[in-house]
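Working notes, beginning with the structure itself.
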Amino acid sequence: MIRTFAALVGDRLAAIEAGSDAAQAGARVDGTHRPASRGERGAVSEQAALAHGLRVRAAALRTTLLQLADVPRTKRERAGPGALVLLEDEDGGSHWWAILPGGQGDAAGGATVVSPSSPIAQALADAEPGDAVSLRRDGRLKQHEVIDVR
């Protein structure tokens with residue numbers, strides 16, 4: 001699971017770095033040309049702002065990759081950072097949740113990846129198989145049973 005999610009993050013990082021390079025290229029003004037109009041100056045400024053934002057996001061993704069490398073890959077008995085948790089809801093549906101740094105509700109490896117600070121991960125903190133947890137989903141509070149923790 002961690003490798004699958006790390007690959008997803010790595011793909012995002014590559015795409016953002018390519019976009020950042022393209023935006024930075026659009027923000028450059030060579031020494032012989034000065035933007036002739038306000039519109040042209042505005043476009044150059046917008047490209048520079050976009051390049052900066054993409055660099056900030058790329059740095060966050062690099063941090064996530066480093067944090068993922070530090071997640072212990074041992075089997076867990078309780079839910080917490082690095083855990084893969086199977087929940088069954090009150091309607092009998094089941095769903096896997098992975099609690100990993102950088103998770104933003106991404107689908108990876110058959111699970112939804114959430115960050116350790118997310119409301120779902122907080123509700124699952126220290127839960128073990130057989131425990132009941134309440135999660136707010138789709139605007140309502142639902143009861144779930146923890147079926148498995150890995």
Side-chain angles (χ1 to χ4, degrees), residues 1-28 39-150:
M1 167 57 58
I2 294 172
R3 275 184 294 225
T4 302
F5 184 59
L8 176 75
V9 172
D11 290 346
R12 280 190 185 145
L13 177 58
I16 285 174
E17 286 175 335
S20 175
D21 292 345
Q24 188 62 46
R28 288 197 180 104
E40 194 176 352
R41 285 190 298 274
V44 168
S45 295
E46 286 175 10
Q47 289 296 303
L50 176 61
H52 173 73
L54 290 172
R55 283 192 304 272
V56 168
R57 179 67 179 133
L61 291 173
R62 280 190 216 91
T63 298
T64 294
L65 288 171
L66 291 172
Q67 291 170 335
L68 286 170
D70 289 341
V71 172
R73 289 171 164 76
T74 58
K75 182 169 176 10
R76 291 161 179 75
E77 310 232 347
R78 295 181 173 272
L84 183 61
V85 182
L86 178 62
L87 296 180
E88 184 176 284
D89 65 27
E90 56 197 31
D91 302 324
S94 61
H95 190 81
W96 285 99
W97 295 91
I99 304 170
L100 296 172
Q104 298 177 347
D106 303 298
T112 301
V113 184
V114 295
S115 75
S117 63
S118 71
I120 290 174
Q122 296 297 311
L124 293 174
D126 291 325
E128 56 189 351
D131 286 353
V133 295
S134 298
L135 299 179
R136 182 163 301 280
R137 302 208 41 225
D138 302 326
R140 69 183 196 101
L141 199 59
K142 285 182 143 185
Q143 295 300 313
H144 295 76
E145 180 182 351
V146 177
I147 304 299
D148 192 10
V149 177
R150 298 181 183 176

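FYI, side chains are in, hydrogens and waters are out, and symmetry mates aren't considered; it's all heavy atoms of this structure.
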Strictly distance-based, threshold 3.5 Å: is any side-chain N or O of Arg76 a donor or acceptor partner for the main-chain N or O of Thr74? yes
Mind checking what makes side chain to side chain contact (heavy atoms under 4.5 Å, CB included) contact with Glu88, not counting sequence neighbours? Ile147
I'd like to check Glu145 versus Leu87 (side-chain heavy atoms, cut-off strictly below 4.5 Å). Are they in contact? no
What is the distance from atom CD of Glu46 to atom CG of Leu50, rounded to the nearest 0.5 Å? 9.0 Å
Taking Glu17 first and then Arg12, would you say they form a salt bridge - that is, a charged N and a carboxylate O separated by under 4.0 Å? no
Among all residues two or more places apart in sequence or in another chain, which pass the side chain to side chain donor-acceptor pair (under 3.5 Å) test with Arg55? Gln24
Student check: side-chain heavy atoms of Phe5 and Leu68 closer than 4.5 Å: yes
Surrounding CD of Glu128 (heavy atoms of other residues, nucleotides or ligands, distance under 6.0 Å), is the total greater than 12? yes
Strictly below 4.0 Å, N to O, side chains only: are Arg140 and Glu90 in salt-bridge contact? yes
Measure from the side-chain N and O atoms of Gln122 to the backbone N and O of Pro116, and report whether any donor-acceptor pair falls under 3.5 Å. yes
Exceeds 12 heavy-atom contacts within 6.0 angstrom, atom CZ of Arg3: no
Flag side-chain contact, heavy atom, 4.5 Å: Leu141 against Leu135: no
Under 4.5 Å between any side-chain heavy atoms of Leu8 and Asp106, yes or no? yes
Judged by atom type as modelled, is there a donor-acceptor pair below 3.5 Å linking the side chain of Asp89 to the main-chain atoms of Asp91? yes
Does His144 reach the main-chain N or O of Lys142 with its side chain, forming a donor-acceptor pair under 3.5 Å? yes
